[in-house]
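Take a look at the structure below.
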Amino acid sequence: MKDPMFLDFLNKDINILLETWKGGSEDFKIEGYNIISKVRKKTKKAKRHSGGIIVMIKKQFYKGISYLKDATSSQNRLWLKLDKYFFGLKQDLYLCAVYIPPFSSAHYDSDLENLENEISSFSIEGQIILIGDFNSRTAMKADYIENDSDEINNFDGIDLLPESYITDIDIRRVNQDSTLNTLGNKLLELCSSSRLRILNGRFLGDSLGYFTYMCNTGFSTVDYAIASESLLPEVKYFKTNDFTYLSDHVQINLYMNCSIISDTCMKKCLDEKRWHLIKSYKWTELSSSKLIDVLSTENVKKEILDLEMEHFDSNKLGVDGATEKLNKILQTIAENTCKVISKPTKKKKKKIKQGHVSCRGGSRYHNARH
């Protein structure tokens with residue numbers, strides 16, 4: 001705990017440590033951070049604890065993060081929810097610290113299959129990030145449906161796919177590890193079915209797909225950051241660090257765009273149930289005639305027509321999407337027909353445009369920054 005390099009690595013907004021062997025010890029404390037941990041139960045014959053997850057979160061960001069203790073029964077996964085309002089995201093973000101035991105290990109318990117079920121549940125509510133040690137070697141095999149096309153949707157006049165089907169896009173991924181193992185195949189199938197994409201080998205900081213693990217038999221890539229495809233535009237960069245004496249795994253870092261609001265602004269937002277945080281609208285004597293003019297404009301007519309024509313899924317995500325589009329239309333109309341009343345705030349919103357998550361495993365350590 002006093003090693004300067006180790007402490008320097010733990011300077012991110014969210015730090016994830018895997019295979020900690022921590023057990024029930026309460027000694028792990030870092031100034032300025034809140035700690036969440038999960039301990040793997042020790043077997044009767046075991047001489048020491050194995051496994052274990054520690055997540056360190058900077059105190060100023062902790063109030064925007066919820067520990068989803070009941071999200072999984074596995075001792076190898078830990079789920080967090082990042083509030084979309086606190087972090088300025090389009091949707092809530094579900095972050096999972098992951099350790100997948102080797103396929104031949106006694107600790108492996110259909111981990112990837114169970115993880116897929118958890119992802120399926122949370123992806124309805126928001127977007128997903130997985131980060132950790134997957135013990136999965138994926139070579140350069142695609143994590144999406146290759147040569148996917150809309151043309152297959154019309155075969156002999158019959159629609160084979162639902163209207164909501166989104167065609168997969170080919171996104172090249174580089175990987176210096178050319179081996180594909182059983183868990184690697186399973187992980188790629190999970191990514192394809194869940195619309196998740198591996199970040200390794202795709203972003204600045206790891207454009208060559210560097211190795212993440214070394215042992216006496218060689219090097220491999222088994223540590224990944226994986227995100228919902230819709231999150232890729234928000235990824236600033238993904239970095240694979242150099243090997244050090246601290247671990248046989250490297251540290252991987254994920255930097256994402258976000259907009260974190262100040263305590264004052266957040267409190268006001270919550271107190272007012274997130275309504276009219278900045279401004280409200282007042283109907284005036286002229287509003288009636290202005291409304292007729294605004295509804296006649298090509299821009300508003302197009303927005304209303306697009307809303308009527310767009311298909312929204314019959315679930316929470318679909319309702320949220322429709323509500324967001326309707327709100328934008330109503331806001332455009334209100335701003336052009338009503339008197340805008342700005343509400344004074346004592347402090348301006350403080351924005352942080354970049355976030356960081358990092359992780360490392362086995363004395364493994366992974367971390368995340370916003």
Side-chain angles (χ1 to χ4, degrees), residues 61 63-64 66 81-94 122-127 162-167 228-236 256-355 370:
F61 305 135
K63 63 188 66 179
S66 303
K81 175 185 173 183
L82 280 65
D83 183 84
K84 62 182 179 181
Y85 296 103
F86 184 92
F87 290 99
L89 304 170
K90 293 179 180 178
Q91 295 178 270
D92 289 327
L93 181 59
Y94 292 87
F122 289 129
S123 60
I124 298 173
E125 306 293 331
Q127 295 169 306
E163 291 183 6
S164 58
Y165 181 78
I166 302 174
T167 304
S228 297
E229 187 181 50
S230 58
L231 265 178
L232 298 188
E234 305 306 323
V235 176
K236 186 84 171 177
M256 294 190 64
N257 293 318
C258 63
S259 179
I260 301 170
I261 66 177
S262 66
D263 291 346
T264 302
C265 194
M266 186 62 181
K267 184 177 185 302
K268 185 177 180 62
C269 183
L270 293 174
D271 289 345
E272 299 183 3
K273 300 183 186 295
R274 303 184 177 102
W275 282 80
H276 312 300
L277 180 59
I278 300 174
K279 53 191 173 183
S280 59
Y281 306 95
K282 184 178 180 180
W283 188 264
T284 68
E285 293 180 357
L286 300 176
S287 294
S288 181
S289 59
K290 286 183 178 180
L291 177 61
I292 296 173
D293 294 337
V294 172
L295 291 176
S296 301
T297 61
E298 292 300 320
N299 182 46
V300 171
K301 286 195 292 186
K302 182 180 183 302
E303 288 184 355
I304 294 174
L305 181 61
D306 289 345
L307 177 63
E308 291 177 343
M309 297 298 293
E310 186 169 347
H311 171 77
F312 296 96
D313 293 334
S314 301
N315 55 34
K316 184 180 183 300
L317 193 59
V319 172
D320 287 346
T323 302
E324 183 177 355
K325 284 185 174 291
L326 179 59
N327 281 339
K328 287 182 179 179
I329 295 173
L330 294 176
Q331 185 175 0
T332 299
I333 295 172
E335 288 179 346
N336 288 279
T337 60
C338 301
K339 181 180 179 180
V340 179
I341 302 175
S342 298
K343 289 198 171 187
T345 54
K346 294 181 180 179
K347 292 185 180 180
K348 292 183 178 181
K349 182 187 291 187
K350 179 183 178 182
K351 290 188 177 181
I352 299 175
K353 295 183 178 180
Q354 176 176 295
H370 289 276

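Separating the CG atom in Asn336 from the OH atom in Tyr281 is a distance of 9.5 Å, to the nearest 0.5 Å. Atom-to-atom distance recorded for Leu82:CG and Leu89:CG is 7.0 Å, nearest 0.5 angstrom. Remark: Ser259 OG to Tyr85 OH distance equals 14.5 Å, nearest 0.5 Å. In this structure, NZ in Lys236 is found 11.0 Å from SG in Cys258, a value given to the nearest 0.5 Å.
Not counting sequence neighbours, the partners of Lys325 by the salt bridge (Lys or Arg N to Asp or Glu O under 4.0 Å) test are Glu310. Residues satisfying the salt bridge (Lys or Arg N to Asp or Glu O under 4.0 Å) test with Glu229, not counting sequence neighbours, are Arg195, Arg197. Residues satisfying the side-chain contact (heavy atoms from CB on, under 4.5 Å) test with Lys328, not counting sequence neighbours, are Glu324. For Glu308, there are no side chain to side chain donor-acceptor pair (under 3.5 Å) partners two or more places apart in sequence or in a different chain. The side-chain contact (heavy atoms from CB on, under 4.5 Å) check on Lys301 picks up Glu298, with sequence neighbours excluded. Residues forming a side chain to side chain donor-acceptor pair (under 3.5 Å) with Gln127 (at least two apart in sequence, or on another chain): Ser230. Evaluation of the side chain to side chain donor-acceptor pair (under 3.5 Å) rule for Lys302 yields Asp306 as partners, not counting sequence neighbours.
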Between Asp83 and Asp92, is the side-chain contact (heavy atoms from CB on, under 4.5 Å) condition met? List the steps. CA-CA 5 Å; Asp83 183 84; Asp92 289 327; 4.2 Å; yes
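Of all heavy-atom pairs spanning Tyr94 and Gly126, the tightest one is CE1-N, 3.8 Å. Residues Cys338 and Lys282 approach most closely at CB-O, 3.3 Å, considering heavy atoms. Nearest heavy atoms, Met256 versus Leu231: CE-CD2, 3.6 Å.
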Extract all donor-acceptor atom pairs below 3.5 Å that involve side chains of residues 287-295 and protein atoms in other chains or at least two apart in sequence.
residue : atom : partner : partner atom : Å
Ser287  : OG   : Thr284  : N            : 2.9
Ser287  : OG   : Thr284  : O            : 3.4
Ser287  : OG   : Thr284  : OG1          : 3.0
Ser287  : OG   : Thr337  : O            : 2.7
Ser289  : OG   : Leu286  : O            : 3.0

